[in-house]
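Numbered from 1 within each chain, the chains take letters A, B, ... in sequence-line order. Note that the coordinates shown come from a computational prediction; the quantities given were computed from them, not determined experimentally.
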Amino acid sequence: MDMVVCIKQVPETTDIGWDPQTGSLIREGVPGILNPNDKNALEAALDLREKHGGLITALSMGPPQAEEALREALSMGIDRGILLSDSLFAGADTLSTSYTLGLALEKIARFDLILCGKESSDGMTAQVGPQLAELLNLPQLTCAIEITVNRSAVKIKQKLEDGFRILETCLPALITVEREINRPRIPAMDSIIEAYRDKKVQVWAGADIGCHTEHLGLKGSPTRSRKVYRKKVKRGEVTILEGEPDEAAKELIQILKQKGLL
Amino acid sequence: MSPDELKEYKGLWVFIEQRNGNPVRVSLELLGKGRTLADQLDVDVTAILVGEGVSGIPEELIYYGADRVIIADDPIARDYRTEVYADIIVEQVLREKPEILLIGATCIGRDLAPRISARLETGCTADCTELHIDKEMRLIVAAKPFFGRNLMADFICPFRRPQMATVRPGVMELKAQDRKRKGKLICVDLNLKEEDIRVTVLETVRSAPDGTSLEEADKVVVGGMGLGDVKGFEMLKELADLLRAKVGATSLPVDAGWISKDYQVGQTGKAIRPRLYIGCGVSGAIQHSAGMIHSELIVAININPKADIFNFADYGIIGDVNEIVPALIKELHEMNPKI
Ligand SMILES: Cc1cc2nc3c(=O)[nH]c(=O)nc-3n(C[C@H](O)[C@H](O)[C@H](O)COP(=O)(O)OP(=O)(O)OC[C@H]3O[C@@H](n4cnc5c(N)ncnc54)[C@H](O)[C@@H]3O)c2cc1C
Ligand SMILES: Cc1cc2nc3c(=O)[nH]c(=O)nc-3n(C[C@H](O)[C@H](O)[C@H](O)COP(=O)(O)OP(=O)(O)OC[C@H]3O[C@@H](n4cnc5c(N)ncnc54)[C@H](O)[C@@H]3O)c2cc1C
């Protein structure tokens, strides 16, 4: 069973600059890490490979430094990495990101299952999985906390806010996974060395996946962030209850009592 | 789309998510908000309702603000399935061309909205906490907290229609029903065949709402990093019990493992609007306030008089939680020695 895992490099901190014009994050010079949720997707793929065999490809769209995220995936035991990198891809919303990933998947062609994290730690939209599934006309099973494959059928336990569902579909399909599905392995030193020394990361640009530039990057993004601004949340004046702790406490309790809140 | 094509799109739609024939609360919140936005654009609000045996719902949707209800009632739509619901909604959207489509950011809403937006090749702002209309540009502006402490970002979808957004449950007010409102019901026939649907639902387990979840709590006492450690939360629980309140937390104590994620209030936690909110050692970052700013009465206990939370609290006590919270507990005990 061949699998492709989509992974994203995200900034390590959330204390990050942005371009007030486009609202895009300024990622240059900010240390990147592999999106934590994508480690769960990688782990789920490794687990399925142990049971069913097959080749796992990690696929990431991002600036050249996103290669590090792919190396990390390789050191976890993923077979090969593909980086989609082109200045044309910059400023993409989720639809344009999905479009670009979709073309790469059409070029990869051989896969039975696509795995994604449920959401990234920076954009946090959880939209790329479902949009990618739609563009490839695949069934989507989102928010998985368990995956089982039986020949050409795949079953997941889907997490809901107040319970779960068991869903089943035929391969090929796309699954997004929750953080709690597993505990990602921590690569051993020799696998890290091997990932950097022996394994390959291919880099594909726009021309390699034959995309139409009008669908790419900021230009191909219907969603625009118009403005990023500081906002002082304010609501009338605060009344400070003064005095020693027990006096202030007494006064507060009186106020709550008067307002019928006790 | 060309300016002429954009002009063909009129009206605001709200997807009504239902469970066992009951609309989920966020859908009703969106009807109320949608009503206000639609009035500014001078257009109708349409509720789109999909399911099996949902015929009892439409009246209520009109009372909450819909002018029209599109009903797709069919056995094939009994369980929510992405393909079925996306097919139905996309077909109606292509036929009627609404300019705005709002969906509650529940698990199901966040599964459905991106699928629809990809098929329609339009933009979707995920999980927003504010919505307003830019009248000059005739656009809906969807805003949500952005990185950093006090940053917000506005998102728009200028060149494609419909403009889509998923909206965080609990942040919009649930407006009162207006039982005098009248509206139009439109039933649509489906021509979907079960054998074309690729996903089957084998089992659904939902725990019944016990009416005591954080989102529905009347009073919530929230702990932040200022509580210092796990012990601080034990103290907070004691206070909460005496007030008959629920305990909540900011994200940092959750990340620190002091309390489970279920208790997190804010942009990536739960949105609450209790009658009473008491923040103990909470600084008041925008990602937190996004989930509690609509609380009726906000009380803040913080050692730092410059903490942001004092900008939006109604009452404040400047002091150490380790002194103030025990004093409150003592006071409550004295007031009612039986507890
Ligand atoms: C604060 C913020 C808010 C944003 N809000 C919106 C919005 O509301 N609507 C919108 O359209 N865009 C939005 N964006 C832009 C969006 O983040 C980017 O389009 C991003 O490329 C993908 O979206 P995501 O990070 O939300 O990923 P998600 O959809 O949350 O990611 C889910 C999964 O998709 C896969 N994936 C995501 N990105 C990649 C990638 N580059 N390469 C490989 N796999 C990937 C991973 O498996 C990931 O776990 C926002 C950006 C920021 C910083
Ligand atoms: C993408 C993203 C999503 C986020 N989502 C959420 C979310 O859903 N919910 C959320 O809450 N946060 C969220 N955050 C984090 C948010 O930005 C803040 O970091 C967080 O809310 C701060 O938590 P805090 O107020 O407990 O801690 P701090 O900001 O560290 O504040 C602690 C406060 O306690 C006070 N204090 C210290 N000691 C005492 C004492 N002894 N007595 C009294 N007061 C004391 C301090 O003066 C300070 O004001 C998110 C951040 C990002 C980037």
Side-chain angles (χ1 to χ4, degrees), chain A residues 14-16 18 23 25 93-95 98 124-127 129-131 133-135 139-143 155 159-170 221-236 238-241 245-246 248-250 252-253 255-256 259 261-262, chain B residues 82-83 106-107 110-111 114-115 117-119 121-127 146-148 150-160 198-207 209 219 243 268 275-276 286 289 293 297 299 310-319 323-324 327-328 331-332 335:
Chain A
T14 51
D15 202 11
I16 185 173
W18 76 97
L25 301 178
D93 70 353
T94 61
L95 189 63
S98 306
M124 288 196 307
T125 64
Q127 292 191 156
Q131 290 182 330
E134 169 62 29
L135 296 175
Q140 74 191 49
L141 304 176
T142 58
C143 307
K155 223 188 265 188
K159 185 184 173 189
L160 301 172
E161 43 271 276
D162 56 355
F164 65 87
R165 306 199 299 171
I166 309 287
L167 305 177
E168 188 177 52
T169 194
C170 288
S221 294
T223 312
R224 301 290 165 88
S225 75
R226 174 155 80 165
K227 196 164 83 171
V228 176
Y229 49 99
R230 250 168 235 294
K231 183 165 172 181
K232 272 258 182 236
V233 184
K234 253 190 123 45
R235 284 197 353 166
V238 59
T239 307
I240 299 291
L241 310 178
D246 50 337
K250 232 185 206 104
L252 179 57
I253 298 295
I255 292 167
L256 298 184
K259 295 191 183 280
L261 285 163
L262 286 187
Chain B
T82 318
E83 289 175 283
T106 58
C107 293
R110 296 183 76 185
D111 178 278
R115 186 94 196 189
S117 85
R119 191 159 322 160
E121 292 178 39
T122 191
C124 184
T125 302
D127 226 10
F146 203 66
F147 297 104
N150 292 312
L151 297 180
M152 289 287 287
D154 282 352
F155 290 84
I156 51 173
C157 173
F159 309 120
R160 300 287 307 176
R198 294 173 288 187
V199 174
T200 6
V201 180
L202 301 176
E203 193 185 342
T204 304
V205 176
R206 285 191 185 268
S207 46
K219 303 172 212 172
L243 289 167
T268 44
R275 285 170 63 218
L276 173 64
I286 202 157
S289 65
I293 192 68
L297 188 78
V299 178
F310 290 123
N311 291 323
F312 52 85
D314 301 298
Y315 291 97
I317 298 179
I318 296 163
E323 296 179 4
I324 308 293
L328 287 168
E331 192 60 33
L332 286 164
M335 219 180 70

Where on A:Cys143 is there a heavy atom nearer than 4.5 Å to chain B: the side chain, the backbone, both, or neither? neither

B:Asp127 side chain near A:Met124 side chain, heavy-atom distance below 4.5 Å: no

Taking only residues two or more places apart in sequence, or in another chain, which ones meet B:Glu331 in a salt bridge (charged side-chain N to carboxylate O under 4.0 Å, His left out)? A:Lys250

What part of A:Ser98 gets within 4.5 angstrom of chain B, counting heavy atoms only: side chain, backbone, both, or neither? neither

Over all heavy atoms of both residues, which pair between A:Thr169 and B:Arg198 is shortest? Give the atoms and the distance, please. OG1-O, 2.9 Å

Is it the backbone or the side chain of B:Phe159 that comes under 4.5 Å from a heavy atom of chain A, or both, or neither? side chain

In this structure, NZ of A:Lys259 is separated from CZ of B:Arg275 (nearest 0.5 Å) by 11.0 Å

Using non-hydrogen atoms only, which part of B:Thr106 is less than 4.5 Å away from chain A: side chain, backbone, both, or neither? both

Please state whether the side chain, the backbone, both or neither of A:Lys159 comes within less than 4.5 Å of a heavy atom of chain B. backbone

So B:Val201 and A:Ile166, do their side chains get closer than 4.5 Å, heavy atoms only? no

By side chain to side chain donor-acceptor pair (under 3.5 Å) - contacts of B:Arg119 (at least two apart): A:Glu134, B:Asp87

Can you check whether A:Thr125's main-chain N or O pairs, donor with acceptor, with B:Arg110's side chain at less than 3.5 Å? yes

For A:Leu167, which atoms come within 4.5 Å of any heavy atom of chain B: side chain, backbone, both, or neither? both

By a 4.5 Å heavy-atom criterion (distance strictly below it), what part of A:Leu261 contacts chain B: side chain, backbone, both, or neither? both

Check whether any side-chain heavy atom of B:Val199 lies under 4.5 Å from a side-chain heavy atom of A:Glu168, and answer yes or no. no

